Amino acid sequence: MRVHDTLTGSLVELPPVPGPIGMYVCGPTVYHRAHIGNARPFVVFSWLRNWLRETGYEVTFVHNVTDVNDRIYEAAPGRSAELAERATRWYFEDTGDLGLGMPDEMPLATQSMPEIVGLIEELVEFGHAYPVEGDVYFRVARFAAYGRLSGQRPDQVEEQEPNALKEDPRDFALWKATKPGEDTSWDSPWGRGRPGWHIECSAMAEKALGAEFEIHGGGLDLVFPHHENEIAQSQAVGRPFARIWMHNGMLELGGDEMHKSLGNDVSLRNVLDTWGREATLVFFLAGHWHGPIDFSDDVMTGATARAEGFREVFRGQSEPASSGAWERFAAALDDDFNTPAALAVIHEWRDHDLLRRALGIFGLDSLSYIDEAPEEVVALAARRQVARADRDFDEADRVRAAIEAAGWEVRDEAEGFRLVRLR
RNA sequence: GGCGCCGUGGCCGAGAGGUUAGGCAGAGGCCUGCAAAGCCUCGUACAGCGGUUCGAGUCCGCUCGGCGCCUCCA
């Protein structure tokens, strides 16, 4: 299998089965309820984990939560801990409702302080970082490979707000002295404070996966500075860190109207409540993980119809797939995890077992569950059969309307009828 | 100003030098008491302009457009 790697800008081959493959995927900074875009990395990398396991890899999927950060302090002055805890719970709930299971580990920054402080100490010790008035900054100039991931040249990076404490405007904070109004802080050799934005990931990734691991993932917006800085922090003190960098594309919202309402309308919670988890997953499946995707009502309507199309296959007779069917499906996924191409392959399938297995990788085996109509609806359908036999079609149509009012569609078949739940 | 992702038919979306992607929507047909489902048929599209080539969505250059990042966003 090969995947697109940001570092080299090309497709790189994964090690042979069974790996092992350590996969660290940046999770949310918890200061609000996740929106549908935040769900993309969770979905993409959960699926990737499933597929890698399906093909025989030993995978450890680590997905962190950054629960201490400037944004959280700003969003809830004096009560950041409370907000972080609540938003973390939301994230667990909302991503949990996607039905893709949990990552193997979901470390919290606030519970990784010894590792964070230890890593900073090491950076200071080797001259890659310097403490100033309770802050500690990373010395960018000392790390020669800085900018390799993002293609940023240090001298071209936009001028920063002047910060008298920094030796160089490009330096970034590893540790920040606690400020008035901040309700959380931890002890450190530099005094009470809390970690800067990037260091927590370097520390948590190493704690969970070791100094070297296979895949680091996250949104494309994290390439710079977040991931660039993670590499600098870890490699400056000799950790090889991640071999492959996978960045999922951004989710875009069509029309300006949606832009304005960026908020509850497009919260993952709301999307799940409005469209259901299956359509939401099909929506993500229909776009290549690496490219941008547009979120809109039209697209979700299409995804709903597509999900229903699969359900329809399971209502029919299973027919054996042609030889090589699974191989074609696997080939699509093995080539940069091309889910739209894989989706096209399985659309041709009428083989229930094979289709269920393929959909299962994406958490969509539920599409194979056929709903059974309640007794009273079955009774109505039976009554309609009698009316039809008597050629009383007015009555038959009336009963059908009643069945539809109850949320079911009746289909006449060669012998008898079939009831299909309306969605 | 710099760095990066992307631009395919009504819509979504694969493909990366030469033979049908696929889905959704739509039209016609078969079937049906009427339907639904299913099946059959129907769309020559690759932002624009140059160039390379026997041949270009596919390679090169430029332009236009969307999106992301530039040290508090997945």
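Since the structure is predicted, the reported quantities are computational estimates derived from the model, not experimental observations. Letters A, B, ... are given to chains in the order of the sequence lines, protein chains preceding strands, and every chain is numbered from 1.
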Option among R421(A), R306(A), R411(A) that satisfies the salt bridge (Lys or Arg N to Asp or Glu O under 4.0 Å) test with E312(A): R411(A)

Identity of whatever pairs with C72(B) - Watson-Crick or G-U, under 3.5 angstrom: none

Along RNA chain B (nearest heavy atom to each residue), the more 5'-positioned of H198(A) and P292(A): P292(A)

Under-3.5 Å donor-acceptor pair between Y137(A) side chain and U71(B) base: no

C1' gap between A25(B) and A16(B), integer Å: 28 Å

Spacing of F417(A) atom CZ relative to G33(B) atom C1', expressed in whole Å: 18 Å

Sugar-phosphate, base or nothing in reach of G196(A), heavy atoms under 4.0 Å: nothing

Nearest to side-chain heavy atoms of H290(A), which nucleotide of C6(B), C12(B), U71(B): C6(B)

Residue M250(A), side-chain heavy atoms: nucleotide from G68(B), G33(B), A14(B) that is nearest: G68(B)

Sugar-phosphate, base or nothing in reach of R388(A), heavy atoms under 4.0 Å: base

Of the listed nucleotides C72(B), U71(B), C5(B), the one nearest the side chain of L220(A): C5(B)

Watson-Crick or G-U wobble partner of C64(B), both distances under 3.5 Å: G7(B)

Between H35(A) and F295(A), ring centroids under 6.0 Å: no

Value in whole Å for how far the C1' atom of G23(B) lies from CD of E308(A): 15 Å

Of the listed nucleotides C70(B), G33(B), A36(B), the one nearest the side chain of R411(A): A36(B)

Closest listed nucleotide, where the reference is the side chain of P340(A) and the choices are G22(B), C5(B), A14(B): A14(B)

Rounded interatomic separation in angstrom, taking CG from L149(A) and C1' from G4(B): 10 Å

Atom-to-atom span, CD of E404(A) to C1' of C34(B) - whole angstrom: 12 Å

Distance test, side-chain N/O of R391(A) to OP1/OP2 of C34(B), below 4.0 Å: no

Sugar-phosphate, base or nothing in reach of H226(A), heavy atoms under 4.0 Å: nothing

Presence of donor-acceptor pair under 3.5 Å, side chain of R400(A) and base of C34(B): yes

G29(B) to C12(B) separation - C1' atoms, rounded to the nearest Å: 27 Å

R418(A) CZ to U32(B) P, straight-line distance once rounded to whole Å: 18 Å

Residue D221(A), side-chain atoms from C-beta onward, closest of C70(B), G68(B), A14(B): G68(B)

Nearest-angstrom distance from the residue atom CD of E228(A) to P of C72(B): 15 Å

Conformer about C1'-N of G26(B) - syn within 90° of 0, anti elsewhere: anti

Ring centroid separation H290(A) to H247(A) under 6.0 Å: no

Backbone of P320(A) reached by a side-chain donor or acceptor of W349(A) within 3.5 Å: no

Sugar-phosphate only, base, or nothing, as touched by L251(A) at under 4.0 Å among non-hydrogen atoms: base

Base paired to C34(B) (Watson-Crick or G-U; both N/O distances under 3.5 angstrom): none

Separation between the P atoms of G9(B) and A45(B), rounded to whole Å: 11 Å

Strand partner of U44(B), provided both Watson-Crick or wobble distances fall under 3.5 Å: none

N38(A) vs C73(B): side-chain N/O to OP1/OP2 distance below 4.0 Å: no

Under-3.5 Å donor-acceptor pair between D412(A) side chain and U32(B) base: no

G50(B) and C69(B), which share atom name C1', separated by this distance in whole Å: 32 Å

Whole-angstrom distance between C54(B) and G4(B), as gauged at atom P: 33 Å

Electrostatic pair R239(A)-E122(A), nearest N-O below 4.0 angstrom: yes

Sugar-phosphate, base or nothing in reach of H247(A), heavy atoms under 4.0 Å: nothing

Whether F138(A) and F172(A) hold their rings parallel, tilted or perpendicular, with breakpoints at 30° and 60°: parallel

Check: G33(B) base within 3.5 Å donor-acceptor of R384(A) side chain: yes

Same-atom distance (P) from C5(B) to C24(B), integer angstrom: 32 Å

First of V223(A) and D397(A) reached from the 5' end of RNA chain B, by closest nucleotide: D397(A)

Axial cation check for W408(A) ring with R418(A), 6.0 Å and 45° limits: no

Opposite nucleotide pairing with A56(B), Watson-Crick or G-U, both atom distances under 3.5 Å: none

Sugar-phosphate, base or nothing in reach of N229(A), heavy atoms under 4.0 Å: base

Spacing between W289(A) atom CH2 and C6(B) atom P, to the nearest angstrom: 10 Å

Spacing of the C1' atoms in C46(B) and A27(B) (rounded, Å): 24 Å

Sugar-phosphate only, base, or nothing, as touched by E74(A) at under 4.0 Å among non-hydrogen atoms: base

Residue pair S150(A) / E228(A), side-chain donor-acceptor N/O under 3.5 Å: yes

Sugar-phosphate only, base, or nothing, as touched by G218(A) at under 4.0 Å among non-hydrogen atoms: sugar-phosphate

Nucleotide nearest A344(A) (side chain, heavy atoms from C-beta), chosen from U71(B), A21(B), C67(B): A21(B)

Salt bridge D351(A)-R357(A), side-chain N to carboxylate O under 4.0 Å: no

Sugar-phosphate only, base, or nothing, as touched by V25(A) at under 4.0 Å among non-hydrogen atoms: nothing

Side chain of H347(A) (C-beta onward), nearest among C70(B), G22(B), C73(B): G22(B)

Value in whole Å for how far the P atom of A16(B) lies from NE2 of H288(A): 11 Å

